[in-house]
Undergrad: 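Sharing a structure below in structure tokens format, with a few things to ask.
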Amino acid sequence: MQTEDRTFDVRNLIGGEWVGGNGRETEPVYDPATGRVVAETPLSTREDLDAAVRKAEAAFPGWAATPVGERARVLFRFKMLLEENFEELRDLVTLENGKDKKDAGGEVRRGIEVVEFACGMPTLMMGESVRDVARGVDNVSYRYPLGVVAAITPFNFPCMVPLWTLPVAIAAGNTYILKPSERTPLSAIRLGELLSEAGLPEGVFSIVHGAHEAVNSILEHPGIKAVSFVGSKPVAEHVYRGGTATGKRVQALAGAKNSMVVMPDAVLEEAVPNIISSTYGNAGERCLAGSVLVAVGDVGDELVERVKEAASAMKVGPGSVEGNELTPVIRDSHREKVREYVGIGEGEGATLVLDGREPPLDEGFFMGPTILDNVTGEMRVGREEIFGPVLSVVRVKNLEEAVEFTNGSSFGNACSIFTENGAAVRYWRENVEAGMLGVNIGVAAPMAFFPFNGIKDSFFGDLHATGKDGVRFFTENKVEITRWYSNPATS
Ligand code: NAD
């Protein structure tokens, strides 16, 4: 059966068993390209979460005591299974999220790269040592897993975001509970099946589906040592405050409003396709989406003309059909919110250059590409995350003003600059307040061995996901200092 025609049974994974909804309330999962309900997500309760924690606690001592090389070997097998099932995973992402197959494949690939990174855990978990810190005294440190950890993930990367943390946490010896987005639970289920097939012991990886109650139960549960959250800013703040209040380690990756600064010397033939794909790829539902175009000096008119022309030429349609470029947003209610923002922008005095509010297709949750020009930092469309296919254009005199505009945002996830001028890049890099920077790159996504590095309101916590930060987040140190009294040479 084609992925597009299937319906799915969404169950929790607890102690290696796929457990049915037990009559819990459910939330429909839609195919955003058609509006068809493809599954129902059970909204798990405190009791369900507690059952998962108890199984994860029981599995922890055995998994933590499994040599790190053996744990890594499970991940090597998992990586092979992800490769073998690549197309199926890609199509599941397209089905439940709506993004096109190319983007969905990119997401699965980026997730696999974190698994590859985590396969190096024997090296990544190495401690440090200094011998002879005093006469006959050595100082060493060892890294240990934390225990039961949890991740709460968003709808926009249903395969990649869980894979940002689960391979690292598991390879480091933790047991891990995933609470996927209730709007996109399907990819997570497949990951769970493949982990079991790879030989992961029961209870090391669990899934508890649901929404608010499941999240709040995670924050309050004394058995959970650390929480990794990815999602919108208000919920990130809630999770950070709630989780740390109960003594947990929390990293909370939040929303964004990313500027793309275009200098007068930018190579527009190359910059414009980058801008289009950053703004409208995945229907603008990316935390790295360039949602504000900051036109510097006299580049504005030509730039807006070219972007408008390219945006208007985009093929709108289901992500499952090759060649479609603008895919649906996640829900009808979200489309309404995005459409409202366009009206708000007009009301605030922005110029509507391209209006995508009229649904271009009869079924599904599609919108056309939209451009608002002459936006300022005072306008809501200039500073709030819209998370849809809407580009706000801000015009500034010089680079100093471009940086000033960008830094006026409360968010600090990513920023891009388009220029051939190294001095401009240096000035921008040194002064701009954003944690992920792209030079002639519209989506500044770091590789798995670097941290996913939002700052300001785009991140709550200390240690980011992925890279060495990710390893530190999921481990703690013991530092040992040793002295021996007897003399083995003479005794
Ligand atoms: P969301 O905040 O609505 O949901 C994220 C998770 O929180 C989900 O699992 C959801 O069930 C849960 N949740 C939602 N509302 C809750 C509440 N009131 N109480 C408790 N739990 C709640 O985010 P989303 O709409 O799924 O995802 C889009 C957002 O995620 C955007 O803001 C985007 O920028 C952000 N995001 C950030 C990054 C990053 O790395 N910074 C990456 C991807 C997405």
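Numbering of residues begins at 1 and proceeds along the displayed sequence. Computation of the quantities below employed the complete heavy-atom set of this structure, encompassing side-chain atoms and omitting hydrogens, waters and symmetry-equivalent molecules. Remember, it's 1-based here, ligands and their atoms both numbered in the order they're listed.
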Undergrad: Under a 4.5 Å cut-off applied to non-hydrogen side-chain atoms, are F117 and T466 in contact?
TA: no

Undergrad: Quick check on atom 27 (O) of ligand 1 - does any protein heavy atom sit closer than 4.0 Å to it?
TA: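 At least one protein heavy atom is under 4.0 Å away.
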
Undergrad: For the residue pair F460 and Y240, does the interplanar ring angle fall in the parallel (under 30°), tilted (30 to 60°) or perpendicular (over 60°) class?
TA: tilted

Undergrad: Name all residues meeting the side chain to side chain contact (heavy atoms under 4.5 Å, CB included) criterion together with S232; count only those two or more places apart in sequence or in a different chain, and write none if there are none.
TA: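 P234, V235.
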
Undergrad: With heavy atoms of K179 as the reference, note each atom of ligand 1 found under 4.0 Å away.
TA: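 Taking each heavy atom of K179 in turn, ligand 1 has 8 (C), 9 (O), 10 (C), 11 (O) under 4.0 Å.
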
Undergrad: Quick one: nearest non-hydrogen protein atom to atom 40 (O) of ligand 1, plus distance?
TA: F452 CE2, 3.1 Å

Undergrad: What residue and atom, counting heavy atoms only, is the protein's closest point to atom 14 (C) of ligand 1, and at what distance?
TA: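 Here the nearest protein heavy atom works out to V235 CG2, 3.9 Å.
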
Undergrad: For a quick test of your reading: what N or O donor-acceptor pairs under 3.5 Å do the side chains of residues 147-171 make, sequence neighbours left out?
TA:
from	atom 1	to	atom 2	distance (Å)
N156	ND2	E285	O	3.2
T165	OG1	Y176	OH	2.7

Undergrad: Please state which option from K233, E182, E213 has its nearest heavy atom closest to atom 11 (O) of ligand 1.
TA: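 Result: the heavy atom closest to atom 11 (O) of ligand 1 is in E182.
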
Undergrad: Can you pull out the closest protein heavy atom to atom 23 (O) of ligand 1? Residue, atom name and distance to 0.1 Å, please.
TA: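 The answer is S232 N, 3.4 Å.
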
Undergrad: Work out whether the distance between some heavy atom of G454 and some atom of ligand 1 is less than 4.0 Å.
TA: no

Undergrad: What is the nearest protein non-hydrogen atom to atom 25 (O) of ligand 1, stated with its residue, atom name and distance?
TA: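 The closest one turns out to be R183 NH2, 2.8 Å.
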
Undergrad: Any idea which of I330, V215, N413 brings a heavy atom closest to atom 12 (C) of ligand 1?
TA: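 Minimum heavy-atom distance to atom 12 (C) of ligand 1 goes to V215.
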
Undergrad: Got a sec: does the CD of E346 have more than 12 other heavy atoms crowding it under 6.0 Å?
TA: yes

Undergrad: Would you say the side chains of Q251 and S228 form a donor-acceptor pair under 3.5 Å?
TA: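 Indeed, the side chains of Q251 and S228 share at least one donor-acceptor pair under 3.5 Å.
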
Undergrad: Among L219, L178, N156, which one has a heavy atom closest to atom 43 (C) of ligand 1?
TA: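 Considering heavy atoms of L219, L178, N156, the nearest to atom 43 (C) of ligand 1 sits in N156.
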
Undergrad: Given the rule in the side chain to side chain donor-acceptor pair (under 3.5 Å) test, do H209 and D48 qualify, once you have shown the distances and angles that lead to the verdict?
TA: CA-CA 9 Å; H209 293 285; D48 301 323; over 6 Å; no

Undergrad: Any idea which of M160, H209, H464, H212 brings a heavy atom closest to atom 16 (C) of ligand 1?
TA: H212

Undergrad: Using a plain distance cutoff, I'd like to know if E385 has any nitrogen or oxygen under 3.5 Å from a nitrogen or oxygen of ligand 1.
TA: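 Between E385 and ligand 1, an N or O pair is found under 3.5 Å apart.
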
Undergrad: Which atoms of ligand 1 sit under 4.0 Å from any heavy atom of W164?
TA: 40 (O)

Undergrad: Evaluating non-hydrogen atoms only, which member of P154, G231, G255 is closest to atom 35 (C) of ligand 1?
TA: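 Shortest heavy-atom distance from atom 35 (C) of ligand 1: G231.
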
Undergrad: By number and element, which atoms of ligand 1 are closer than 4.0 Å to a non-hydrogen atom of L253?
TA: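 Reading through ligand 1 atom by atom, the close ones are 39 (C), 40 (O), 41 (N).
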
